[in-house]
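What follows is a set of notes on a single structure, which appears directly below.
No experiment lies behind these values; they were computed from the predicted model shown. Every chain is numbered from 1, with letters handed out A, B, ... down the list of sequences.
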There are 2 protein chains.
Amino acid sequence: LIELRDIRKTYHLGEIPVHALRGVSLDIDKGEFVAVMGASGSGKSTLMNILGCLDTPSRGEYRLGGQDVARLSGDDLARIRNRRIGFVFQGFNLLARTTAAENVELPMLYGGVPPRERHRRAREALHLVGLKGREHHHPHQLSGGQQQRVAIARSLVNGAPLLLADEPTGNLDSTTSEEIMGLFRKFNDIEGITVILVTHEPEMARYAKRIITVRDGLIVGDEPVGKG
Amino acid sequence: LIELRDIRKTYHLGEIPVHALRGVSLDIDKGEFVAVMGASGSGKSTLMNILGCLDTPSRGEYRLGGQDVARLSGDDLARIRNRRIGFVFQGFNLLARTTAAENVELPMLYGGVPPRERHRRAREALHLVGLKGREHHHPHQLSGGQQQRVAIARSLVNGAPLLLADEPTGNLDSTTSEEIMGLFRKFNDIEGITVILVTHEPEMARYAKRIITVRDGLIVGDEPVGKG
Ligand SMILES: Nc1ncnc2c1ncn2[C@@H]1O[C@H](COP(=O)(O)OP(=O)(O)OP(=O)(O)O)[C@@H](O)[C@H]1O
Ligand SMILES: Nc1ncnc2c1ncn2[C@@H]1O[C@H](COP(=O)(O)OP(=O)(O)OP(=O)(O)O)[C@@H](O)[C@H]1O
Ligand SMILES: [Mg+2]
Ligand SMILES: [Mg+2]
């Protein structure tokens with residue numbers, strides 16, 4: 001599904017370039033469940049943004065489902081994202097002035113899903129993540145972990161075959177975190193969704209089937225998750 | 001230092017009240033290091049906001065340093081906060097249009113610290129949290145964990161005797177988390193700062209000396225941290 005060849009990403013901030021990715025090559029097959037770990041600032045979100053077509057690399061090749069996406073335009077990238085990729089952002093990225101349910105409906109608005117089906121799927125997704133009864137509340141009326149769960153619900157509704165989740169459990173207690181990870185594992189095992197997850201919690205990474213370790217913009221580890 | 005008696009906080013959202021705090025009573029002495037744990041939505045941030053004079057309770061009594069603060073005005077609460085309390089918010093609350101250094105300087109602006117001293121302390125605090133070289137970067141140019149560390153640096157600069165940190169390590173890798181917790185422990189042991197920390201990570205809670213557990217708006221556990 002995913003083929004990266006020597007992906008580099010450099011941010012130019014005044015006089016000093018920041019080399020966020022220094023030559024990443026990576027293959028991820030359809031149906032895999034991969035956890036990405038590494039220190040703060042090591043390049044995980046940068047990698048996720050490129051994988052998710054939210055950004056393009058400075059150099060290198062990226063094929064998604066056989067299609068070369070590294071050099072696509074904004075409109076083409078948006079089209080791919082809307083149909084094929086679900087996101088949980090590190091900062092949640094909820095719209096402050098819209099309700100939980102409306103936030104969850106958003107990807108479906110772009111996908112042309114009819115209102116009644118949109119409402120139904122949004123409600124179901126919010127129930128799945130433990131937020132039944134809170135559909136009409138705005139983000140500021142929800143706790144940090146509740147906002148995170150709205151973001152998770154939103155990632156699930158467009159039925160995308162690829163799910164990217166950047167620190168989805170950072171603000172969640174252990175029990176809720178394990179429920180969420182169980183959900184991701186279920187979507188992977190049963191529906192064959194490819195899941196790529198950033199986490200710095202080893203207990204959460206163990207739900208995945210493969211762990212990739214990033215350090216200073218490079219992949220330094222890539223191993224299957226053992227049974228011990 | 002802190003005396004809470006039967007603190008209640010109810011949010012009125014349309015027809016349904018949400019009882020975030022249902023009668024919390026708590027004493028915290030000067031120089032303690034307390035971790036607050038509990039499930040998502042259990043009332044931790046609500047409790048922190050009241051402790052930090054960012055909000056007032058619906059009912060109950062709160063004495064901070066012997067002074068009744070439960071019913072103070074916005075200006076009086078702001079005065080207390082600016083001089084006596086450092087914060088790390090769950091969502092970081094950085095100003096997007098200002099640099100890391102300017103964000104860290106903010107509490108000192110309100111405290112009337114002269115520019116040269118402000119710059120010096122901000123720079124030192126950013127170095128302490130591992131962000132040397134990134135002083136002039138804006139929040140969107142920093143990773144999630146780097147933004148969290150700017151928030152932590154900001155909490156340290158006004159020399160407040162009380163530090164409230166709501167999930168300060170949620171976006172940090174283990175090594176960086178332990179460095180930050182070590183900093184908090186050092187400020188507590190050496191400078192006698194009272195630290196109250198929300199975390200859902202047991203490994204982080206062990207840096208504290210007392211653990212309070214919140215469930216459904218009530219305190220259900222209050223124990224010293226053991227040596228095992
Ligand atoms: N401003 C608000 N308006 C309305 N309801 C709120 C508000 N803030 C919090 N709540 C609700 O009060 C309850 C407690 O929220 P609080 O933020 O204290 O939980 P928390 O323990 O910090 O959770 P988390 O671990 O998810 O951050 C939740 O049900 C939440 O939705
Ligand atoms: N938009 C940007 N502009 C400039 N620099 C950036 C930008 N985004 C990230 N960086 C820098 O690139 C490096 C990698 O950032 P990235 O967000 O990928 O790290 P990360 O591994 O996700 O870290 P964290 O665990 O803290 O979230 C960091 O030094 C960061 O400051
Ligand atoms: Mg990140
Ligand atoms: Mg909270």
Test item: side-chain donor near acceptor, His19(A) and Thr10(A), under 3.5 Å:
yes
Between Thr46(A) and Asn49(A), a side-chain donor and acceptor under 3.5 Å
no
By a 4.5 Å heavy-atom criterion (distance strictly below it), what part of Thr176(B) contacts chain A: side chain, backbone, both, or neither?
side chain
Are Leu126(A) and Arg134(A) side-chain neighbours, meaning at least one heavy-atom pair lies under 4.5 Å?
no
Among the listed options Pro202(A), Gly41(A), Ala20(A), the residue most often paired with chain B at heavy-atom distances under 4.5 Å
Gly41(A)
Contact between Leu64(A) and Leu162(A) at the side-chain level, heavy atoms closer than 4.5 Å - yes or no?
yes
With respect to chain B, which residue among Gln148(A), Met37(A), Arg149(A) yields the maximal number of heavy-atom pairs within a distance under 4.5 Å?
Arg149(A)
Minimum side-chain heavy-atom gap Ser45(B)-Gln90(B) below 4.5 Å:
yes
If one checks every heavy atom of His137(B) against chain A at 4.5 Å, the contacting part turns out to be side chain
Less than 4.5 Å to any heavy atom of chain B: does that hold for the side chain of Gln147(A), its backbone, both, or neither?
neither
In terms of heavy-atom proximity below 4.5 Å to chain A, should Glu201(B) be classed as side chain, backbone, both, or neither?
side chain
Pick one of side chain, backbone, both or neither for Gln146(B), based on which atoms fall under 4.5 Å of a heavy atom in chain A.
both
Please report the closest heavy-atom contact between Lys9(A) and Ser58(A), naming both atoms and the distance.
CA-OG, 3.4 Å
Glu135(B) and His127(B): side-chain donor and acceptor closer than 3.5 Å?
yes
Please tell me if the side chains of Ile28(A) and Ile196(A) come closer than 4.5 Å, counting only heavy atoms from C-beta onward.
yes
Pick from Asn171(A), Ile16(A), Thr175(A): which one has the most heavy-atom pairs with chain B under 4.5 Å?
Asn171(A)
Checked Ala39(A), Ser143(A), Ser42(A) vs chain B; the most non-hydrogen pairs under 4.5 Å come from Ala39(A)
Could you tell me which portion of Thr169(B) (side chain, backbone, both or neither) has an atom closer than 4.5 angstrom to a non-hydrogen atom of chain A?
backbone
Let me know if Val198(B) has heavy atoms under 4.5 Å from chain A in its side chain, its backbone, both or neither.
neither
